[in-house]
Structures are given as structure tokens and as C-alpha cells.
Amino acid sequence: LGGGTMLGAVRHGGMIPWDDDMDVMMLREDYDKFLSVVNDEISDGMFFQSSETDSQYHSIFTKIRLDGTRFVTSFSRHFPEMHQGIFIDIFVHDHTSNNKYMQKLHVFKTLFARSMVFHKWEQTPMHFYGKLKLICKFATKYINNHSFKKLEKIQDKTVRKYNKKNTKYLYDGTGEHLRHGAFPAEWLDDVEYMDFNGVKLPVPKNYDEYLKYSYGDYENWITASLRKAGHDIVDVDFGDYQLK
């Protein structure tokens with residue numbers, strides 16, 4: 001389990017009551033094995049979504065979608081031909097440098113590469129959090145003159161930069177905690193099984209360290225007024241899975 005789903009398992013014994021999706025995470029070497037079999041092994045009625053299987057989809061992380069359902073957000077509604085079923089997010093952890101300065105540089109390059117892909121997808125000028133305006137001006141021209149395939153190749157090469165060096169650190173290159181930087185690779189060496197809504201599922205044995213890295217003081221619940229779903233949902237349809 002990864003992200004908020006791991007947090008839910010540890011803190012709630014299942015889904016966080018106000019969460020609206022599920023997250024799993026893999027090491028890159030495991031993810032590459034997963035990619036080699038997913039299209040043959042995936043259950044009927046499910047769809048593995050990546051930029052290669054869905055031409056309208058360009059997130060750096062992939063999803064498994066449930067056919068016959070609908071989960072439309074204020075962003076995704078602009079891509080009506082994209083598969084928009086209820087989903088599980090799949091995030092990948094890659095190696096980063098052992099050097100702190102190079103770790104920060106790797107994070108910056110990853111943020112920039114991800115931003116280029118996203119702005120092409122959103123069809124908006126590159127602005128990179130309001131910074132580097134001159135560079136963003138040139139980046140916008142580059143984005144407009146190159147294909148998604150080219151930009152995603154740059155993005156993929158960036159996140160994989162240190163994998164062959166087998167360093168002692170990982171980072172959340174495909175996830176929302178990228179800005180938190182590096183964490184020790186040994187945190188993900190071993191797993192234990194934890195109850196998640198009555199099912200035993202794997203989390204890192206070092207889940208406490210990992211969750212503090214991701215969320216800080218994760219054991220304390222946030223104020224009720226701040227509890228909200230992670231997506232700006234405009235339409236949901238459970239199809240044949242609708243409770244009756």
C-alpha cells in the first residue's frame with residue numbers, strides 16, 4: 001500500500017473516511033516486471049491505464065480502472081475519450097543520489113520535466129509555480145514544438161537517472177511527495193501485513209518513518225473542517241457496483 005491508503009491502514013484499519021481513491025507503490029524493478037505481465041494478467045472488466053494504453057492520458061503514474069464505472073473530475077472532464085472509471089493509482093519509487101545537493105537537483109529536474117508534460121496536457125503555458133519566467137517562456141515554445149512521446153521520454157529518463165547506480169536513497173519521483181526529497185532505501189526493504197477493511201495487505205515494516213516523511217505528524221487527525229476528498233469530483237457512477 002502507498003500514500004493515503006497506507007496511512008488509512010495504519011491509522012484507521014482501512015480507508016481514510018474522507019478519502020476517494022486507493023494508492024499502491026512499487027520499486028522500479030518490481031514495476032518493470034509488473035508492466036511486462038499486467039496486460040495479460042489483469043482481470044476482465046479492468047483496464048490498465050498509461051500513456052501507451054490511453055492516448056488521452058499523460059500522468060507520470062499509472063492506474064487500474066474499473067470498466068463500466070465513471071469517476072470524472074473538473075480536469076478529466078476535458079478529455080471525454082479518456083477512460084475515466086473508478087481507479088487505483090500506482091506510484092513508483094526510484095533511486096536518487098547519495099549526495100544531498102544532487103538529490104535536490106534531481107528533485108528540481110523531475111519537477112520541471114513533470115511540469116512540461118502536464119502543461120502540454122492541460123494546454124497552458126509553462127509557469128512552474130510562478131518562478132523562472134524566462135526559462136518557462138522558452139520551455140513553452142519547446143513544449144509546443146515537441147510531442148508527448150518526446151516529453152514523456154525526457155520525464156522517464158529523469159526519474160530513472162540513478163537506478164543503475166543502486167544508491168542508498170529513494171525519492172517519490174512519480175508521486176505527490178516529490179518535494180520532500182530523498183529517504184533511505186532500506187525503509188522499503190521489508191514488509192509486514194496489516195489489516196485493511198478485513199483484508200491483510202503489505203505495508204513497509206518501516207511504515208512509521210515513511211509516513212512521517214510523507215505526512216509529518218500523521219497519527220493526529222486533521223481538523224474536521226479540513227477533511228476533504230483529494231479530487232474535485234464532478235460525476236461518479238458505480239455502474240453495476242452501485243449499492244442497492
Side-chain angles (χ1 to χ4, degrees), residues 1-28 30-31 34 46-50 57-66 69-76 83-94 107 110-111 114 118 159 170-185 187-188 190-236 238 241 243:
L1 302 180
T5 307
M6 185 200 308
L7 175 58
V10 172
R11 196 173 67 188
H12 302 270
M15 288 288 290
I16 297 174
W18 54 89
D19 204 356
D20 61 6
D21 72 349
M22 294 186 67
D23 308 312
V24 299
M25 63 181 185
M26 302 183 192
L27 298 173
R28 178 62 67 175
D30 296 321
Y31 182 72
F34 167 78
M46 294 185 179
F47 173 71
F48 173 65
Q49 186 177 46
S50 69
Y57 182 78
H58 297 286
S59 285
I60 191 173
F61 54 91
T62 53
K63 298 176 183 281
I64 291 179
R65 298 270 194 178
L66 188 59
T69 65
R70 193 163 62 249
F71 187 102
V72 184
T73 68
S74 58
F75 177 75
S76 70
H83 195 307
Q84 299 193 50
I86 293 170
F87 59 87
I88 294 175
D89 286 329
I90 305 169
F91 297 101
V92 183
H93 285 320
D94 291 274
V107 168
T110 304
L111 284 167
R114 284 171 44 163
F118 179 78
V159 298
L170 300 170
Y171 82 140
D172 192 19
T174 68
E176 64 178 16
H177 303 124
L178 170 58
R179 285 178 172 271
H180 297 178
F183 63 90
W187 285 1
L188 302 188
D190 298 302
V191 302
E192 65 178 75
Y193 283 77
M194 189 168 287
D195 187 69
F196 186 88
N197 289 359
V199 180
K200 296 292 185 180
L201 296 175
V203 300
K205 280 190 175 180
N206 291 83
Y207 64 81
D208 181 64
E209 291 90 339
Y210 184 86
L211 288 174
K212 286 176 179 175
Y213 155 83
S214 298
Y215 301 104
D217 185 12
Y218 70 89
E219 294 180 288
N220 290 323
W221 292 31
I222 60 174
T223 304
S225 61
L226 298 177
R227 298 171 191 170
K228 59 182 181 179
H231 298 86
D232 184 9
I233 305 168
V234 297
D235 184 29
V236 174
F238 288 91
Y241 304 90
L243 293 176

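Remember, predicted model here, so these are calculated numbers, not experimental data. Counting begins at 1 with the first residue of the sequence.
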(message) Please check this pair: side chain of E209 against backbone of W187, looking for a donor-acceptor N/O pair closer than 3.5 Å.
(response) no

(message) When you compare the side chain of M25 with that of Y210, does any pair of heavy atoms fall below 4.5 Å?
(response) yes

(request) Would you check if the distance from the ring center of F75 to the ring center of F118 is below 6.0 Å? (result) yes

(message) As a quick check of understanding, evaluate side-chain contact (heavy atoms from CB on, under 4.5 Å) for F48 and I90, giving each step before the final call.
(response) CA-CA 10 Å; F48 173 65; I90 305 169; 4.2 Å; yes

(request) Please tell me if the side chains of F47 and K63 come closer than 4.5 Å, counting only heavy atoms from C-beta onward. (result) no

(message) Please identify which of these residues, Q49, H83, Q84, meets the side-chain contact (heavy atoms from CB on, under 4.5 Å) condition with Y57.
(response) Q49

(request) Compute the centroid of each ring, for F91 and then for H177, and state whether the two points are separated by less than 6.0 Å. (result) no

(message) Donor-acceptor pair, distance only, cut-off 3.5 Å: does the side chain of T223 make one with the backbone of L226?
(response) no

(message) Using 30° and 60° as the class boundaries, would you call the ring planes of H12 and W221 parallel, tilted or perpendicular?
(response) tilted

(request) Carefully, step by step, assess V24 and T5 under the rule side-chain contact (heavy atoms from CB on, under 4.5 Å). (result) CA-CA 8 Å; V24 299; T5 307; over 6 Å; no

(message) Looking at every non-hydrogen atom in both residues, tell me the closest pair between D21 and D23 and how far apart they are.
(response) OD2-OD1, 3.7 Å

(request) Supply the atom-to-atom distance D217 CG to L211 CG, rounded to the nearest 0.5 angstrom. (result) 11.5 Å

(message) Can you confirm whether D172 sits close enough to H180 that some side-chain heavy atom of one is under 4.5 Å from a side-chain heavy atom of the other?
(response) no

(request) For G14 and F196, work out which heavy atoms get closest and say how close. (result) C-CE1, 3.4 Å

(request) Compare every heavy atom of I86 with every heavy atom of T69, then report the nearest pair and how far apart it is. (result) OG1-N, 2.9 Å

(request) Would you check if D89 and M22 make a side-chain contact, meaning some heavy-atom pair closer than 4.5 Å? (result) no

(message) Taking I222's backbone N and O only, do any of them form a donor-acceptor pair with R227's side chain (distance below 3.5 Å, no angle check)?
(response) yes

(request) Taking the side chain as every heavy atom from C-beta outward, state whether V203 and L201 have any pair of such atoms under 4.5 Å apart. (result) no

(request) Would you check, one step at a time, whether the test side-chain contact (heavy atoms from CB on, under 4.5 Å) holds for Y218 with D208? (result) CA-CA 9 Å; Y218 70 89; D208 181 64; 2.6 Å; yes

(request) Indicate yes or no for a side-chain donor-acceptor contact from D20 to the backbone of H231 under 3.5 Å, with no hydrogens or angles considered. (result) yes

(message) Walk me through whether M194 and M6 qualify under side-chain contact (heavy atoms from CB on, under 4.5 Å).
(response) CA-CA 9 Å; M194 189 168 287; M6 185 200 308; over 6 Å; no

(message) Show the nearest heavy-atom pair for residues G4 and I16, with the distance to one decimal.
(response) O-CD1, 3.4 Å

(request) State which residue, out of Y171, F183, F61, Y213, fulfils the ring pair (Phe, Tyr, Trp, His ring centres under 6.0 Å) condition with H93. (result) F183

(message) Are the side chains of R28 and T174 in contact, using a 4.5 Å heavy-atom criterion?
(response) yes

(message) The criterion is ring pair (Phe, Tyr, Trp, His ring centres under 6.0 Å); which residues satisfy it with Y31, sequence neighbours excluded?
(response) F34

(message) Can you give me the closest heavy-atom contact between L27 and V92, atom names plus distance?
(response) C-CG1, 4.1 Å

(request) Please name the pair of heavy atoms, one in R114 and one in G173, separated by the smallest distance, quoted to 0.1 Å. (result) NH1-O, 2.8 Å

(message) Could you measure the distance from the CZ atom of R65 to the CZ atom of F71? Nearest 0.5 Å is fine.
(response) 8.5 Å

